[in-house]
Amino acid sequence: FYKLSSRNRVLTFGLGLRKDLTSGSYDDTLNTEQVQKLLYLLESTEDPVIIERALVTLGNNAAFSANQIVIRELGGIPIVGSKINNPNQSIKEKALNAMNNLSVNVENQIKIKVDSSFLSLLDGHVPKEILLRVLTLLQNITNCLNEERSLATQPTFPAGSLFSLLYGKECAQKMKALVHHHDADVKEKVTMIPKF
């Protein structure tokens, strides 16, 4: 069993094992049950502090290839993706970090369905921290796609997927505009993405 303490937001698991999975400092690879509980937490709370911490923990663990698969299989990609549209800047940033780590897995890229409003994150007025994370996501996708092309196993991406959106005309125009962005880090990141 597990319960969420309303006072300190600690997830308590059976067998006397207690871990604060939302502290952002949880370094071990999560098991399937723990990932499932974090995803449930993300869906069931409106508390911005808990959402942010859960995203940090998921993002850190999504750096492990085994967890990239587990998160996908548990339906976690749309859950994380839904937080990208959160008006809270910090939540948006943490969701993009988690999505960046999830996106280095080609099968995960196929599962990433996004609204066309996602491209607004590539506008020049978007805060640098958000813009750099969106560009990192695009870079991860491009790098994986280039690796797949070299293996001659081109994956197919459905219409409405992040891939199809990022390789459309509107995205290309936004990327070309970012080459002239006032921030040197943003300009450098754009030039590191092979397609652009």
Side-chain angles (χ1 to χ4, degrees), residues 1-115 117-118 120-122 126-141 144 161-162 165:
F1 75 98
Y2 75 98
K3 64 180 181 179
L4 180 61
S5 164
S6 60
R7 181 165 177 79
N8 58 13
R9 311 295 199 243
V10 175
L11 287 174
T12 306
F13 297 88
L15 304 175
L17 178 63
R18 297 184 68 166
K19 298 248 187 222
D20 183 359
L21 294 178
T22 63
S23 71
S25 62
Y26 191 85
D27 294 325
D28 298 331
T29 303
L30 298 175
N31 64 36
T32 301
E33 182 182 4
Q34 292 167 325
V35 171
Q36 190 168 30
K37 290 172 183 175
L38 270 177
L39 293 172
Y40 173 79
L41 184 62
L42 272 176
E43 285 188 299
S44 63
T45 186
E46 296 295 322
D47 185 328
V49 174
I50 299 306
I51 292 171
E52 187 176 339
R53 289 179 176 176
L55 286 169
V56 168
T57 303
L58 276 173
N60 289 344
N61 279 268
F64 299 97
S65 58
N67 272 3
Q68 293 165 359
I69 296 166
V70 169
I71 292 168
R72 179 185 71 240
E73 290 178 347
L74 291 175
I77 292 174
I79 295 170
V80 172
S82 71
K83 303 304 177 191
I84 292 173
N85 293 327
N86 195 292
N88 181 309
Q89 198 85 346
S90 187
I91 289 175
K92 189 184 301 271
E93 182 181 334
K94 301 304 185 293
L96 284 165
N97 278 340
M99 199 62 79
N100 284 335
N101 287 341
L102 288 166
S103 71
V104 298
N105 180 299
V106 174
E107 290 183 46
N108 285 357
Q109 292 177 9
I110 298 168
K111 299 288 186 186
I112 302 174
K113 303 302 189 201
V114 294
D115 188 88
S117 65
F118 180 84
S120 66
L121 295 175
L122 289 172
V126 170
K128 174 184 174 179
E129 295 77 21
I130 301 292
L131 196 50
L132 288 174
R133 281 161 181 78
V134 174
L135 291 170
T136 300
L137 179 61
L138 180 55
Q139 183 179 16
N140 287 346
I141 290 172
C144 284
S161 68
L162 178 61
L165 184 66

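Note that the structure is predicted; figures quoted are calculated from it, not measured.
Side-chain contact check for Asn88 versus Ile51: every heavy-atom pair is 4.5 Å or farther apart. Side-chain contact between Leu96 and Lys83 is absent, with no heavy-atom pair separated by less than 4.5 Å. Between Leu121 and Ile84, the closest side-chain pair of non-hydrogen atoms falls below 4.5 Å. You'll find the side chain of Asn108 stays beyond 4.5 Å of the side chain of Ile69, heavy atoms only. Within the 4.5 Å cutoff, the side chain of Asn140 has heavy atoms near those of the Thr136 side chain. Residues Ile71 and Leu102 have side chains in contact (heavy-atom distance under 4.5 Å, counting atoms from C-beta outward). Looking at heavy atoms from C-beta onward, Asn97 lies out of side-chain contact with Asn101 at the 4.5 angstrom threshold.
In this structure, CD in Glu52 is found 10.5 Å from OG1 in Thr57, a value given to the nearest 0.5 Å. Note: Gln139 CD to Leu132 CG = 10.5 Å, rounded to the nearest 0.5 Å. Summarising the geometry, atom CG belonging to Leu74 is positioned 11.0 Å from atom CD belonging to Glu33; distances are rounded to the nearest 0.5 Å. Expressed to the nearest 0.5 Å, how far CG of Leu122 lies from CG of Leu135 amounts to 6.0 Å. Going from atom CG of Asn60 over to atom CG of Leu30 covers 9.5 Å, rounded to the nearest 0.5 Å.
Here the closest non-hydrogen pair linking Ala62 and Ala98 is CB-O, 4.2 Å. Closest heavy-atom contact between Val49 and Asp47: N-OD1, 2.9 Å. Scanning all heavy atoms of the two residues, the minimum distance from Ser117 to Ser120 falls at O-OG, 2.6 Å.
A side chain to side chain contact (heavy atoms under 4.5 Å, CB included) with Leu58 holds for exactly one of Asn67, Leu39, Ile79; it is Leu39.
Proximity of a side-chain donor or acceptor of Asn31 to a complementary backbone N or O of Gln34 within less than 3.5 Å is detected. Under the 3.5 Å distance criterion, the side-chain polar atoms of Thr45 are left unmatched by any main-chain donor or acceptor of Leu41. Judged by distance alone, the side chain of Asn86 and the main-chain N or O of Lys92 form no donor-acceptor pair under 3.5 Å.
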message: Quick one, Arg133 with Glu129, criterion salt bridge (Lys or Arg N to Asp or Glu O under 4.0 Å). Give me CA distance, side-chain angles, the key distance, then yes/no.
response: CA-CA 6 Å; Arg133 281 161 181 78; Glu129 295 77 21; over 6 Å; no
field: side chain to side chain contact (heavy atoms under 4.5 Å, CB included) assessment of Leu137 paired with Ile141
entry: CA-CA 6 Å; Leu137 179 61; Ile141 290 172; 4.3 Å; yes
